[in-house]
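Scroll down for the structure; my scribbles are underneath it.
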Amino acid sequence: QVQLVESGGGLVQAGGSLRLSCTASGRIYSYYDMGWFRQAPGKEREFLAGITSGGGRTDYADSVKGRFAISRDNAKKTVYLQMNSLKPEDTAVYYCAAAVARAPVVRRGGYDLWGQGTQVTVSS
């Protein structure tokens with residue numbers, strides 16, 4: 001079983017950058033597809049970015065395409081979300097998620113392992 005712990009959240013001014021990290025425990029992390037989601041108060045959880053188990057494919061929600069970048073280092077069992085040009089509407093709790101890889105495509109749903117979340121607040 002893989003357990004996920006996010007870090008790197010915080011308070012940043014609009015236009016700034018943050019890099020979130022999600023580190024996994026467990027021996028077979030490299031078999032998992034990974035994703036980043038967020039949930040703002042009063043809103044549903046939103047897919048942001050996903051990456052296949054080997055890191056060869058990525059996908060992004062339109063709301064973050066061109067501003068956010070997902071990457072992973074399987075040796076460190078860590079997935080990253082580099083967030084640039086942050087906006088106040090990016091304020092939310094950010095979650096990483098994992099699912100056993102079943103096909104060489106990026107999934108936007110069907111994740112079954114979740115981290116505890118990390119708060120990102122963007123001030124105007």
#### Entry: Stepwise side chain to side chain contact (heavy atoms under 4.5 Å, CB included) check, Q3 with L113
CA-CA 7 Å; Q3 294 183 322; L113 298 172; over 6 Å; no

### Task
Please lay out, stage by stage, how W36 and V64 fare under the test side chain to side chain contact (heavy atoms under 4.5 Å, CB included).
CA-CA 11 Å; W36 284 98; V64 303; over 6 Å; no

#### Entry: Candidate pair V5 and Q116, rule side chain to side chain contact (heavy atoms under 4.5 Å, CB included), full reasoning
CA-CA 7 Å; V5 177; Q116 83 289 350; 4.2 Å; yes

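R72 is linked by a salt bridge (Lys or Arg N to Asp or Glu O under 4.0 Å) to nothing, counting only residues two or more places apart in sequence or in another chain. Residues forming a salt bridge (Lys or Arg N to Asp or Glu O under 4.0 Å) with D59 (at least two apart in sequence, or on another chain): R108. In this view, S63 and E46 satisfy the side chain to side chain donor-acceptor pair (under 3.5 Å) rule, not counting sequence neighbours. Partners of D112 under the salt bridge (Lys or Arg N to Asp or Glu O under 4.0 Å) rule, at least two apart in sequence or in another chain, do not exist in this structure. The side-chain contact (heavy atoms from CB on, under 4.5 Å) check on V105 picks up R57, A103, with sequence neighbours excluded.
Within the structure, the disulfide (SG to SG under 2.5 Å) test picks out the following pairs touching residues 62-124 (sequence neighbours left out): C22-C96. Listed by first then second residue, pairs satisfying disulfide (SG to SG under 2.5 Å) with a partner in residues 37-87 number zero, not counting sequence neighbours. Each salt bridge (Lys or Arg N to Asp or Glu O under 4.0 Å) pair with one or both residues in residues 75-92, not counting sequence neighbours, appears once here: R38-D90, R67-D90. Residue pairs meeting the salt bridge (Lys or Arg N to Asp or Glu O under 4.0 Å) criterion with at least one partner in residues 91-104, sequence neighbours excluded, do not occur; the list is empty. Applying the ring pair (Phe, Tyr, Trp, His ring centres under 6.0 Å) test to pairs two or more places apart or on separate chains, those with a residue in residues 103-124 are F37-Y111, F37-W114. Contacts classified as ring pair (Phe, Tyr, Trp, His ring centres under 6.0 Å) and involving residues 58-103 (residues at least two apart or in different chains) are not found.
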Give the table of side-chain donor-acceptor pairs shorter than 3.5 Å for residues 117-124, with sequence neighbours excluded, one pair per line with atom names and distance.
{"residue": "T118", "atom": "OG1", "partner": "G9", "partner atom": "N", "Å": "3.3"}
{"residue": "Q119", "atom": "NE2", "partner": "A92", "partner atom": "O", "Å": "3.4"}
{"residue": "Q119", "atom": "NE2", "partner": "T121", "partner atom": "OG1", "Å": "3.3"}

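Of the possible polar contacts, none joining the D33 side chain to the T52 backbone as a donor-acceptor pair under 3.5 Å is found.
A continuous path of Ile, Leu, Val, Met, Phe, Trp and Tyr side chains, each step under 4.5 Å between heavy atoms, connects I70 with L18, placing both in one hydrophobic cluster. Note on L20: it clusters hydrophobically with L86, by side-chain heavy-atom contacts below 4.5 Å among ILVMFWY residues. There is a path of hydrophobic side-chain contacts, each under 4.5 Å, that joins M34 to V100. Under a hydrophobic-cluster definition in which Ile, Leu, Val, Met, Phe, Trp and Tyr are linked whenever side-chain heavy atoms come within less than 4.5 Å, directly or via other members, V93 and M83 are assigned to different clusters.
Residues S17 and N84 have side chains that bring a donor and an acceptor to within less than 3.5 angstrom of each other.
Summarising the geometry, atom CG belonging to L81 is positioned 9.5 Å from atom OG belonging to S21; distances are rounded to the nearest 0.5 Å.
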